[in-house]
2 protein chains.
Amino acid sequence: MTGRSTRDEIVDASDRLFYRRGYGETSFADIADAVGISRGNFYHHFKSKDAILQAVIEVRLAETKRMLEAWERESGDPADRIRCFIRILIVNRADIGRYGCPVGTLSTELVKMNHASRGEAVALFSLFRAWLGRQFAALGRKRDADALAMHLLAMSQGVATLATAFGDEAFIRREVRRMCDWLDSCVAGSAIERNEGE
Amino acid sequence: MTGRSTRDEIVDASDRLFYRRGYGETSFADIADAVGISRGNFYHHFKSKDAILQAVIEVRLAETKRMLEAWERESGDPADRIRCFIRILIVNRADIGRYGCPVGTLSTELVKMNHASRGEAVALFSLFRAWLGRQFAALGRKRDADALAMHLLAMSQGVATLATAFGDEAFIRREVRRMCDWLDSCVAGSAIERNEGE
DNA sequence: GACCGATTAGGACAATTGTCCTAATCTGCA
DNA sequence: TGCAGATTAGGACAATTGTCCTAATCGGTC
């Protein structure tokens, strides 16, 4: 299997470094050190730094899709599925406290630098947005499913940003509880909507 | 008035560039071009790039204090004051759509790179946090004033992040309306708390 | 007009950046 | 064993980075 090991190691190391330091602050030398190969040798696997970024985003897109599908398999209840999403704030709280949300920070950075791949980075957001929207629709909130999805995304992004600033994991737990309460009130609201509508 | 013009021009230009491109992506050459002075001449005014960052943050801290005090003078009603805070999302919606929130993006960037001035950048957040906390306390929510302040900060940060990703100003307006509704429900809740407590 | 410190321009500097080239090594097939 | 293609190391490259130095120019005071 050609290049499997090295190419994927480059992508893995870049993924981690882009997350921890940011794309712009990560140099070829950093990646070379992390992988343990010589700097000039990159161009056999990737023709530019941007190409590595593209590969990293592709991997993240694929992994996100896998994760969303797994959540769908875990439960048939849309509310439970949404709770899976909310819970990643807790699962990843340590990394979020140090480096922020990998989706939000990359997308903000690429939009700021007007990078060619900013669209793909935002597509990561769109994946969550569409998936959450489908869950809210299945919950009976067809009318405002996308608005609810965006609202939930915004809350989790805000929690991540403040948790990074203050390094406060208790804050994450508190806000997660609040988000779950809000979700419950959405479910109650959708029951009303169902009764009214039909 | 020594250095007034040049030194302040350096700080102003750096402030703008740090916001639009990020601190790490802004070079001395960029600032020199923006100000119109020679690159090597910086060190008469600042002994390092970090020193410029410090000066920029100091200016932002001072301006934020001024703004918060102005909001206190504009209205004696804490809810109205909080609405002033919420409304900056609308006032600055164009910039937020392109570059994100200046407070959130700088603090995330500096925390990520473990920069020496990350504490000062977070202090900008603390300014809003404490001010909002005082308003919620004045609203009768002494018990959870800080939690409410953090929650509101998180919501505005999340809105900024998503608005930057999707470049969606209508989303900002929608979320601002939601935040105002939430604030109203806080006021109602505090009335109940007042009746119960005393 | 002479002199002073403040301010400036311009370039030197070593280090680092992303990119590219060449020669060596490895790997698998004939 | 020998050969072809894939993979590698190592360094060259021009450009850019943050930093620092020196010499020229400015403004105001005796």
Side-chain angles (χ1 to χ4, degrees), chain A residues 1-58 106 109-110 112-118 120-121, chain B residues 1-58 106 109-110 112-118 120-121:
Chain A
M1 200 176 293
T2 163
R4 147 75 195 142
S5 179
T6 302
R7 203 198 122 101
D8 288 5
E9 273 182 42
I10 292 175
V11 174
D12 281 1
S14 304
D15 192 356
R16 196 168 41 251
L17 287 166
F18 290 172
Y19 175 39
R20 301 196 173 184
R21 312 191 180 180
Y23 173 71
E25 293 293 302
T26 302
S27 74
F28 264 61
D30 294 333
I31 305 173
D33 280 356
V35 179
I37 64 173
S38 82
R39 206 170 78 268
N41 185 25
F42 270 103
Y43 288 77
H44 185 259
H45 302 278
F46 296 96
K47 73 175 210 295
S48 71
K49 192 183 171 190
D50 291 351
I52 301 184
L53 176 63
Q54 275 185 290
V56 166
I57 296 180
E58 267 172 42
L106 181 68
E109 182 182 1
L110 297 188
K112 242 185 223 247
M113 63 186 358
N114 218 349
H115 191 282
S117 292
R118 70 188 186 287
E120 280 80 9
Chain B
M1 203 177 294
T2 163
R4 148 74 196 143
S5 178
T6 302
R7 203 198 122 101
D8 288 5
E9 271 182 43
I10 292 175
V11 174
D12 281 1
S14 304
D15 191 355
R16 196 168 41 249
L17 286 167
F18 291 171
Y19 175 38
R20 302 197 172 185
R21 311 191 181 180
Y23 173 70
E25 293 292 302
T26 302
S27 74
F28 263 61
D30 294 333
I31 305 173
D33 281 357
V35 179
I37 64 173
S38 83
R39 206 170 77 270
N41 184 25
F42 272 103
Y43 288 77
H44 186 258
H45 301 279
F46 296 97
K47 74 175 209 296
S48 72
K49 193 184 170 189
D50 292 350
I52 301 184
L53 175 62
Q54 276 186 289
V56 166
I57 296 180
E58 267 172 42
L106 181 68
E109 182 181 2
L110 296 188
K112 241 185 223 248
M113 63 186 0
N114 217 349
H115 192 282
S117 293
R118 69 188 185 288
E120 280 80 9

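Values below: every heavy atom of this structure, side chains too, minus hydrogens, waters and symmetry copies. Every chain is numbered from 1 and lettered A, B, ... according to where its sequence line falls, protein lines coming before strand lines.
The side chain of T6(B) contributes an N or O atom lying less than 4.0 Å from OP1 or OP2 of dT8(C).
Taking atom NE2 of H44(B) as the reference point, atom C1' of dT7(C) lies 5 Å away to the nearest angstrom. In this structure, I37(B) places its CD1 atom 12 Å from P of dT7(C), rounding to the nearest Å. Protein atom CZ of F46(A) is 16 Å distant from nucleotide atom C1' of dT8(D), rounded to whole Å.
Note: H115(B) and Y23(B) have perpendicular aromatic rings, judged against thresholds of 30 and 60 degrees for the angle between ring planes. Between F28(B) and Y43(B), the ring planes are parallel. Angles under 30° get that label, and only those over 60° would be called perpendicular.
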Per-nucleotide protein contact string for nucleotides 12-23 of chain C (B base, S sugar-phosphate only, - none; heavy atom under 4.0 Å): B----SBBBB--
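Judged purely by atom type and a 3.5 angstrom limit, D33(A) has no side-chain atom pairing as donor or acceptor with the backbone of D30(A). A donor-acceptor distance shorter than 3.5 angstrom exists from the side chain of E109(A) to the backbone of G24(A), with no hydrogens or angles considered.
Looking at every heavy atom in both residues, T26(B) comes nearest to L17(B) through OG1-O, 3.3 Å. The two residues R7(B) and F46(B) have their closest heavy-atom pair at NH1-CE2, 3.5 Å.
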